[in-house]
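For reference, the structure is listed below as structure tokens.
Below, chain A is the first sequence line, B the second, and so on; all start at residue 1.
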Amino acid sequence: MLHIPYIREHKNEIVQLLQIKNFDAATILDELLIKDDSRKNTQKDLDNLLSKVNQFSKQIGELYKSGEVQKANDLKEECAAIKQESKVLQGKYASLEKDIQDILVQIPNVPHPSVPKGSCDKDNKLLKESGKKPKLMANAKPHWQLTTDYNLIDFELGNKITGAGFPVYKGKGARLQRALISYFLDKNTNAGYTEYLPPHLVNEASAFGTGQLPDKEGQMYHVTEDNLYLIPTAEVPVTNFFRDVIVKDFPIKCTAYTPCFRREAGSYGKDVRGLNRLHQFDKVEIVQIQHPEKSYETLDNMVNHVASILDELELPYRILKLCGGDLSFTSALTFDFEVYSAGQDKWLEVSSVSNFESYQANRLKLRYKDKNGKTKFCHTLNGSALALPRIFAALIENNQTEKGIEIPKVLQKYTGFEIIE
RNA sequence: GGAGAGAUGGCAGAGUGGUCGAAUGCACUGGUCUUGAAAACCAGCGUACAGCAAUGUACCGGGGGUUCGAAUCCCUCUCUCUCCGCCA
């Protein structure tokens, strides 16, 4: 969430930039600042009252010690009156704070000035297209056919034991999945990221810290009995490692493999066919905590890192800069990676690399001390490196041959086989 | 699931109604000493909000209560630990 002192100083700029996200902030920011002014005044009045009570209390103690009971009792009565008054102010203060909080969580992060205006994914800006689309044989198939033909994934079995969107990997399919996880983690740790294996359930405070709550509650599976949420991405547990932390050394680089759980009940049809959209999927995530001055440099590094993985996997991909309409609530700038999946002739999103600037850090109270010893908010960044199912789909679709599915070189030492026949 | 104990500053750990935002130790920062370092000594060292500042206010797991006054008493919630049971 945005920091009120920052809003005060940059109100017009924020209103302008939020137009890129198609969010009209003018009214809501005015309302916010009026409430905050009122909050300040209330605090001043309240502080004065409380200060008086504190003074009187000290005096009463001394009067009792010196035996001046009558004087002490007089003061007590005065205190009672002040307390009445302070109760009222306290109520007012609490309700103002709540109003302010409620407004703050409704305001999305301010987009980076370079974010293109737009309403949907059609308006995203293509930055780079890399690799060659493969020429497939005449009878090439989409992955949902291949996974059945080669006995790699059993969607029906998943339906039986859980439901739609929960595939069961088996045989070489399971092994390929495991190989991808290991390969991604190795790539990331070689780039200086520390590997973590976090819990797959988080508490409410964590879901709030990264911005899933309160507005995206419906997208998460909620274990109501223990009030825990199944993580929609490793970003949630990993970023929350640093909740209430004052960072000493930058950058902090973490990577984690986790399954990800998403309810997102919605569309049907070929967009969600096979591995394209699932309720449970595997993902390897990278997270960085960085000094504000370096966060955009870091974002570029992360983008290059993800690109290098796709290069090694020999998958054709393109990089898009998300437009305002497609940018997530918490992100200031996001680059999406899409791989070309030849069997279904589609571009599939496999990674989203974002700079959240201080938006999450404010909620998380994730800070550092600047040169003058003042505490400031860090910047947080994350990206997928990478999301598994669509990589899996693109790999088997693009590499299908008459002989079978060929495994890219970099993966062979992880799979232990070169071809799936 | 049963029984008990506990939650205090970066860490350890005192504090059971007033002078406590909180002893002490460690860590950290600055200084003295030293060729340099260590040791020793001196000083500083939590967060947030308000204020130009002086300073004020709040915070001792969360919430509520008693009291003129709460880290300290009461209620409640959460979490952690120990023992027993069960168990990968």
Problem - Euclidean distance for C1', B:G6 against B:G61 (whole angstrom) - result: 11 Å
Handout entry: Contact under 4.0 Å: A:S51 side-chain N or O vs B:U57 OP1/OP2
Key = yes
Practice task
Ignoring backbone atoms, test whether A:T375 places a side-chain nitrogen or oxygen under 4.0 Å from the OP1 or OP2 oxygen of B:U47.
Solution key: no
Problem - Rounded C1' spacing from B:C20 to B:A5 in Å - result: 26 Å
Exercise for the section: Give the stems involving RNA chain B, where a stem is 3 or more consecutive Watson-Crick or G-U wobble pairs (i with j, i+1 with j-1, and so on) under 3.5 Å. Expected result: B:1-7 with B:78-84, B:10-12 with B:24-26, B:28-32 with B:40-44, B:46-50 with B:55-59, B:61-65 with B:73-77
Handout entry: B:A58 and B:U19, which share atom name P, separated by this distance in whole Å
Key = 13 Å
Problem - Closest to the A:L50 side chain, choosing from B:G69, B:U57, B:U19 - result: B:U57
Practice task
Please work out whether the ring planes of A:F337 and A:Y317 are parallel, tilted or perpendicular, with thresholds of 30° and 60°.
Solution key: tilted
Practice task
Output yes when at least one side-chain N/O atom of A:K365 is less than 4.0 Å from OP1 or OP2 of B:A48, else no.
Solution key: no
Practice task
May I ask you to verify if any side-chain N or O of A:N227 is less than 4.0 angstrom from the OP1 or OP2 atom of B:U78?
Solution key: no
Practice task
May I ask you to say what A:N48 touches in the nucleic acid, namely base, sugar-phosphate or nothing, with a heavy-atom cut-off under 4.0 Å?
Solution key: nothing
Handout entry: Presence of A:N73 side-chain N/O under 4.0 Å of B:C68 phosphate oxygens OP1/OP2
Key = no
Practice task
Taking A:N362 for its side chain and A:M1 for its backbone only, find out whether a donor-acceptor pair lies under 3.5 Å.
Solution key: yes
Handout entry: A:R367 side chain near B:A48 phosphate (N/O to OP1/OP2, under 4.0 Å)
Key = yes
